J.: 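Have a look at this one before I ask anything.
In what follows, every heavy atom counts, from backbone to side chain, and hydrogens, waters and symmetry copies are set aside. Chain letters run A, B, ... following the sequence lines, proteins first, then strands; residues in each count from 1. Keep in mind that this is a model prediction, so the values were computed, not measured.
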Amino acid sequence: MNLHLVRPKNISPTSLRNQGYNLINLLQSPSTTTKQLKQIHVQLLLRNSRSHSILYLHNSMLLAYANSPTPNDAFAFFATQMGHLPWDKYSLQFLLKASSKSKSLIHATHVHLMTIKLGFASYTTLMNAILCCYALCDQLQDARNLFDVMPHRDIVSFNSMIHKYAESGNMDDAFHLFQQVPAPNVITWTTLVFGFSSNGDLSAAREVFEWMPERDVVSWNAMISGCVQNQEPVEALQLFRLMLTQNVNPNSITLCSVLSACGSLGALETGKWIHVFVNKNRFRLNPFLGSALIDMYSKCGVMDLAVEVFRCLEGQNLCTRNALINGLAMNGHAEQALDMFNKMVDDGFRPDEVTFVGVLLACSHGGFLEIGTRHFYTTMKEFGITPVLEHYACMVDLLGRSGLLMEAEKVIRNMPITPDEVVWRALLGGCRLHKNVDLAEKVVIEIEARGSGDYVLLSNLYASVGRWEDVEKVRKIMKHRGIKKRPGCSSIEVDNKIHEFISGDNSHPRYAAICEKLEELGMKMSEDGFSAETSVVLYDIEEEEKEQALGHHSEKLAIGFGLISTVPGSTLRIVKNLRFCIDCHNATKFISNICNREIVVRDRTRFHHFKDGICSCRDYW
DNA sequence: CTAGGGTTAG
């Protein structure tokens, strides 16, 4: 692009105007580079017209800078060029946009003062922008003070204020203000839905959603994503179906949320249906939709389709790459995950902390001790990434499963940040794997466990080495402290419907048939000499769980149901909320062989792909 | 050109 410097003297009025339009086009085009902005800046310095068209040009310059990666340049331009030339409320508006982007409280305050001084306080639009800018700079009280003294408040003022309260977790003030809105519109109601759900009160959000006089696609999106973020994916899918029956057209944002729900449920059929919907309705495969699709396929254990989507995307960004790396790592394709990472770095893309969670996860699942250690101690540093809790958890897991329990403990003791229970539990996992009871006891004390998972793990560990008195002791502690074991829950999707099974629950309509099937399999298994040490492993701590020792862990129920309700030979996909139980893992290997089925189970941390009696985790999880 | 909804980890 050629930018000719204009010498004002030699230029006719017409060509000046044309030149102005060209510059405005450039200023308003998103593809104009910062360098070009600077060239235009220089050109404008050579002019000194006081006409209205130059004002428009100057304002365009401000806006272009505000939208650029260096928004503060807008202020430099304003100070040097516009001090002695006319400017108006739009100039201030764009300066505010620049303040917002750079989160500059000083600039916002400065514009606020100018606004008051010049008698622009009655321009509500401008005042609203100032209000938003204060809130963005975490000065919620300043925003509220401004709100209270504004000569006029319109619906935008109210909505902004309510939204900022909601965002900061202050639903009391948000709701109080909502009640004062003279005529709430759809946006106001939606803000309230968003507020309640993002503060964890899904039922309040749902109530508002039902109450609101009308709903548009954004309202539906707020409600659906609220369900997803509050771990209610089933409700999210139900709402999505309801939305379709009410003839509200979903957009790509809706689909992102719904795909995320499918992922957490392992609902492959529904996920595929949405993928078809995406194609049929010609949605662009942007990075958002792309990541959501990759994640959905990954979490359903279908990596070839995840890779296929990755290849078809219009554009890649950090998220799409991270989604694929993590998917590969979770599904046990450790080498491919690392290849992907290396390629990304070779191509000059900067990994972030999420990338390294995936990389370390891959090393952990692949048992790549050296590579993982190098990435943790060297590569991350090279990219200027400070390890966070998740990285430590991965690293402890990697050391632990490699049998380096002492090193793992040392890593935790030397952490510059306080280890959380996830980190400690990673070490506990290593203790379980290598049957190190002493360290496990120490770790459990460290955790000051609030959840019961740690005690259960410890108790299982005692059981696995035959220390029954200790098993009993832990049971008593749990009872004494009122700690409940989190029930195991597994789900399977059959004919687009999610069936949930809770450990020991017999409420499923086909419960009897499921038991019959499991019994039949149990017979075959014992004929083949499958009993091994199950009595040891199955000894559990709660009375009611002894009943489940008969083969009614949630994953077994789900597998039994899958076997009797799908066509022979088809793949079973199951999602479990806890760690895979050892006995069930053994049984599933066996079942995959005698029933000639591929069985994919996603547990709390990773995937198990069973085929012909073998599991992809190599019995190492 | 001021107000509402989105993807990736654990």
J.: Spell out, as yes or no, whether a donor-acceptor pair under 3.5 Å connects the side chain of A:D201 to the backbone of A:S197.
T.: no
J.: Side-chain N or O of A:H163 less than 4.0 angstrom from OP1 or OP2 on B:dG5?
T.: yes
J.: I need the CZ-P distance between A:F288 and B:dG5, as an integer number of Å.
T.: 12 Å
J.: Between B:dT8, B:dT2, B:dG10, which one does the side chain of A:D295 approach most closely?
T.: B:dT8
J.: Classify the nucleic acid contact of A:N317 as base, sugar-phosphate or nothing, counting any heavy atom under 4.0 Å across all strands shown.
T.: nothing
J.: Please give, in whole Å, the distance from B:dT8 P to A:N331 CG?
T.: 15 Å
J.: Taking any heavy-atom pair under 4.0 Å as a contact, classify A:D154: base, sugar-phosphate, or nothing.
T.: nothing
J.: What nucleotide among B:dT2, B:dG10, B:dT8 has an atom nearest to a side-chain atom of A:N128?
T.: B:dT2
J.: Looking only at side-chain atoms of A:S257, point me to the closest of B:dT8, B:dG6, B:dA3.
T.: B:dG6
J.: Looking only at the aromatic ring of each residue, does the gap between the centers of A:H163 and A:F194 stay below 6.0 angstrom?
T.: yes
J.: Base, sugar-phosphate or nothing for A:Y90? Non-hydrogen atoms, less than 4.0 Å.
T.: base
J.: Between B:dA9, B:dG10, B:dA3, which nucleotide has the shortest distance from any of its atoms to the side chain of A:I155?
T.: B:dA3
J.: Consider the side chain of A:C132, meaning its heavy atoms from C-beta on, and name the nucleotide among B:dA9, B:dA3, B:dC1 that approaches it most closely.
T.: B:dA3
J.: For the base of B:dG5, is there a side-chain donor-acceptor partner from A:N251 under 3.5 Å away?
T.: yes
J.: Consider only side-chain N and O atoms of A:S219 and A:T190, and report whether a donor and an acceptor are under 3.5 Å apart.
T.: yes
J.: So for A:T190 and B:dG4, does any side-chain atom that can act as donor or acceptor lie under 3.5 Å from a complementary atom in the base?
T.: yes
J.: Check this for me: does the side-chain of A:S252 come within 3.5 Å of the base of B:dG6 through a donor and an acceptor?
T.: yes
J.: Does the side chain of A:K299 get closer than 4.0 angstrom to OP1 or OP2 of B:dT7 through an N or O atom?
T.: no
J.: So if I take every side-chain heavy atom of A:L361 and compare against B:dA9, B:dT8, B:dA3, which nucleotide ends up nearest?
T.: B:dA9
J.: For A:I274 and B:dG6, give me the distance from atom CD1 to atom P, rounded to whole Å.
T.: 17 Å
J.: Looking only at the side chain of A:A323 (C-beta and beyond, no hydrogens), which of the listed nucleotides B:dT2, B:dG6, B:dT8 gets closest?
T.: B:dT8
J.: Distance check needed: B:dT8 C1' versus A:F310 CZ, whole Å only.
T.: 12 Å
J.: Which part of the nucleic acid, if any, lies within reach of A:T125 when heavy atoms closer than 4.0 Å are counted: base, sugar-phosphate only, or nothing?
T.: base
J.: Quick one: do A:R144 and A:D148 make a salt bridge, cutoff under 4.0 Å?
T.: yes
J.: Among the candidates B:dG4, B:dG10, B:dT8, find the nucleotide nearest to the side-chain atoms of A:T191.
T.: B:dG4
J.: Does any residue of residues 209-224 of chain A have a heavy atom under 4.0 Å from DNA chain B, and if so, which ones, in number order?
T.: A:D216, A:V218, A:S219, A:N221
J.: By the 4.0 Å heavy-atom rule, please label A:E167 as base, sugar-phosphate, or nothing.
T.: nothing
J.: In whole Å, what is the span from the CZ atom of A:R284 to the P atom of B:dT7?
T.: 20 Å
J.: Does the ring-ring contact (aromatic ring centres under 6.0 Å, His included) test come out yes or no for A:F94 and A:Y65, once each step is laid out?
T.: CA-CA 9 Å; A:F94 301 151; A:Y65 270 141; over 10 Å; no
J.: Distance under 6.0 Å and angle within 45° of the ring axis: does A:R321 meet both against A:F349?
T.: yes
J.: Check every strand shown and say whether A:V186 touches a base, only sugar-phosphate, or nothing at a heavy-atom separation below 4.0 Å.
T.: base
J.: Under 4.0 Å from OP1 or OP2 of B:dT7: is there any side-chain N or O of A:S225 that close?
T.: no
J.: Counting the atoms with a prime plus P, OP1 and OP2 as sugar-phosphate, which does A:K164 contact under 4.0 Å by heavy atoms, base, sugar-phosphate, or nothing?
T.: nothing
J.: Answer yes or no: is there a donor N or O on one side and an acceptor on the other, between the side chain of A:T115 and the main chain of A:V111, under 3.5 Å?
T.: yes
J.: In whole Å, I'd like the distance from the CG atom of A:N67 to the P atom of B:dT2.
T.: 9 Å
J.: What nucleotide, of B:dT2, B:dT8, B:dG6, holds the atom closest to the side chain of A:Q229?
T.: B:dG6
J.: Ring centres under 6.0 Å, that's the criterion: do A:Y392 and A:F376 meet it?
T.: yes
J.: Looking at A:N577 and A:C489, would you say the former's side chain and the latter's main chain have a donor-acceptor pair under 3.5 Å?
T.: yes
J.: A:F158 CZ to B:dT2 P: how many Å, rounded?
T.: 20 Å
J.: Among B:dG4, B:dT2, B:dT7, which is the nearest nucleotide to the side chain of A:C256?
T.: B:dT7
J.: Between atom OH in A:Y392 and atom P in B:dA9, what is the gap in whole Å?
T.: 22 Å
J.: When the aromatic ring centroids of A:H176 and A:Y165 are compared, is their separation below 6.0 Å?
T.: no
J.: Does OP1 or OP2 of B:dC1 have a side-chain N or O of A:K97 closer than 4.0 Å?
T.: no
